[in-house]
Amino acid sequence: QVQLVESGGGLVQPGGSLRLSCTASGSIFSIDAMGWYRQAPGKQRELVALIHNGGSTNYADSVKDRFTISRDNAKNTVYLQMNSLKPEDTAVYYCNALIKVYYSTPYRDYWGQGAQVTVSS
């Protein structure tokens with residue numbers, strides 16, 4: 001059984017910073033891409049940032065130059081450093097990982113429980 005546990009959400013003023021963390025645990029053979037998605041009230045879930053096993057990254061245009069995704073493969077952990085936060089960044093942030101639980105099984109998606117990020121004065 002695989003679990004993704006997130007931490008680091010909260011309330012911050014516009015212009016402030018937050019750092020999200022997500023650790024995968026359980027029966028894990030290997031992890032491919034890890035990423036962060038977010039969903040604001042009344043909107044669809046959208047990709048925020050993605051980091052591949054080799055370290056290459058992708059960002060949504062709305063967060064480029066403000067957010068930084070990184071990972072620690074030894075700890076099965078992905079981070080999202082969020083700077084210069086704006087009210088429109090308010091959402092529930094979900095961690096995602098492509099995980100293989102056994103060498104012969106395919107990679108599949110796993111999700112964290114979600115972390116609320118609220119940007120407000």
Side-chain angles (χ1 to χ4, degrees):
Q1 187 175 354
V2 174
Q3 280 190 316
L4 271 61
V5 178
E6 303 166 8
S7 61
L11 172 65
V12 64
Q13 292 186 341
S17 298
L18 280 176
R19 188 193 196 207
L20 302 179
S21 300
C22 171
T23 298
S25 63
S27 178
I28 296 172
F29 179 76
S30 69
I31 302 177
D32 192 355
M34 301 184 82
W36 292 92
Y37 291 72
R38 67 186 181 187
Q39 187 166 19
K43 295 188 176 181
Q44 289 189 330
R45 190 174 297 189
E46 62 175 358
L47 174 67
V48 176
L50 193 67
I51 183 166
H52 298 272
N53 195 21
S56 61
T57 57
N58 301 93
Y59 293 93
D61 287 343
S62 59
V63 307
K64 279 180 182 177
D65 302 323
R66 299 189 298 121
F67 290 10
T68 302
I69 189 170
S70 60
R71 65 191 281 176
D72 184 333
N73 289 333
K75 296 180 179 179
N76 290 340
T77 298
V78 62
Y79 306 95
L80 185 68
Q81 178 65 45
M82 303 182 291
N83 298 329
S84 302
L85 282 159
K86 304 175 181 180
E88 51 263 43
D89 294 317
T90 296
V92 178
Y93 284 70
Y94 295 93
C95 171
N96 171 267
L98 281 175
I99 296 174
K100 180 188 288 252
V101 298
Y102 192 62
Y103 76 94
S104 62
T105 59
Y107 284 99
R108 56 155 287 194
D109 274 315
Y110 289 87
W111 293 90
Q113 79 282 5
Q116 177 69 47
V117 172
T118 302
V119 185
S120 175
S121 55

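The shown structure was predicted, so the numbers you read here are calculated from the model rather than taken from an experiment.
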Should we say atom CG of Asp109 is surrounded by more than 12 heavy atoms from elsewhere, each under 6.0 Å from it?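 More than 12 heavy atoms, drawn from other residues, nucleotides or ligands, come within 6.0 Å of this atom.
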State, without any angle test, whether Thr90 and Thr118 hold a side-chain donor-acceptor pair at a distance under 3.5 Å.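 The criterion, which ignores hydrogens and geometry beyond distance, is not satisfied for Thr118 and Thr90.
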For the residue pair Asn76 / Thr23, report whether a side-chain donor-acceptor contact shorter than 3.5 Å exists.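 Short answer, no.
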Test item: [X] side-chain N/O and [Y] main-chain N/O as donor-acceptor pair under 3.5 Å:
| X | Y | result |
| --- | --- | --- |
| Lys100 | Thr105 | yes |
| Tyr59 | Asp65 | no |
| Glu6 | Gly114 | yes |

I need the minimum non-hydrogen distance between [X] and [Y], along with the two atoms involved.
| X | Y | value |
| --- | --- | --- |
| Thr77 | Lys75 | OG1-O, 2.9 Å |
| Val101 | Ser27 | CG1-O, 3.2 Å |
| Ile69 | Gly35 | CD1-CA, 4.0 Å |
| Pro14 | Ser120 | CD-C, 3.6 Å |

List the steps and the verdict of side chain to side chain contact (heavy atoms under 4.5 Å, CB included) for Arg71 and Asn53. CA-CA 9 Å; Arg71 65 191 281 176; Asn53 195 21; 3.7 Å; yes
Residues which pass side chain to side chain contact (heavy atoms under 4.5 Å, CB included) with [X], listed by chain and number, not counting sequence neighbours:
| X | result |
| --- | --- |
| Ser7 | Ser21 |
| Ser104 | Tyr102 |
| Arg108 | Tyr110 |
| Val117 | Leu18, Leu20, Met82, Tyr93, Val119 |

How about Leu4 and Ile99: do any of their side-chain heavy atoms sit closer than 4.5 Å?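 Yes. Closest side-chain heavy atoms under 4.5 Å.
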Side chain to side chain donor-acceptor pair (under 3.5 Å) partners for [X], two or more places apart:
| X | result |
| --- | --- |
| Asn58 | His52 |
| Gln3 | none |
| Thr68 | none |

Show me the pairs that pass salt bridge (Lys or Arg N to Asp or Glu O under 4.0 Å) and involve residues 55-64, at least two apart or across chains.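 Of all non-adjacent pairs touching residues 55-64, those that pass salt bridge (Lys or Arg N to Asp or Glu O under 4.0 Å) are Asp61-Lys64.
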Hydrophobic clustering (ILVMFWY, side-chain heavy atoms < 4.5 Å, transitive) - are Tyr37 and Leu98 grouped together?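 Different clusters: Leu98 never reaches Tyr37 through Ile, Leu, Val, Met, Phe, Trp or Tyr contacts under 4.5 Å.
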In the single-linkage hydrophobic clustering (I, L, V, M, F, W, Y; side-chain heavy atoms under 4.5 Å), do Trp36 and Tyr94 co-cluster?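 As far as the 4.5 Å side-chain criterion goes, Tyr94 and Trp36 are not connected within one cluster.
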Under 3.5 Å, which donor-acceptor pairs link side chains of residues 39-51 to any protein atom two or more places apart or in another chain?
residue, atom, partner, partner atom, Å
Gln39, NE2, Lys43, O, 3.1
Glu46, OE2, Arg38, NE, 2.7
Glu46, OE2, Arg38, NH2, 3.3

Taking transitive links into account, so neighbours of neighbours count too, which hydrophobic residues share a cluster with Tyr79 at under 4.5 Å side-chain distance?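 Besides Tyr79, the cluster holds no residue at all.
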Using the disulfide (SG to SG under 2.5 Å) rule, collect all pairs that involve residues 20-114, keeping only residues at least two apart or in two chains.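 Output for this query lists Cys22-Cys95.
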Tell me every residue that passes salt bridge (Lys or Arg N to Asp or Glu O under 4.0 Å) with Arg66, counting only those two or more places apart in sequence or in another chain.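 Applying salt bridge (Lys or Arg N to Asp or Glu O under 4.0 Å) to Arg66 gives Asp89.
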Before you tell me yes or no, could you show the steps for Val2 and Ile28 under side chain to side chain contact (heavy atoms under 4.5 Å, CB included), namely the whole-Å CA-CA distance, both residues' side-chain angles and the distance that decides it to 0.1 Å? CA-CA 7 Å; Val2 174; Ile28 296 172; 4.1 Å; yes
Could you please spell out the steps behind the side chain to side chain contact (heavy atoms under 4.5 Å, CB included) verdict for Ser17 and Val12? CA-CA 7 Å; Ser17 298; Val12 64; over 6 Å; no
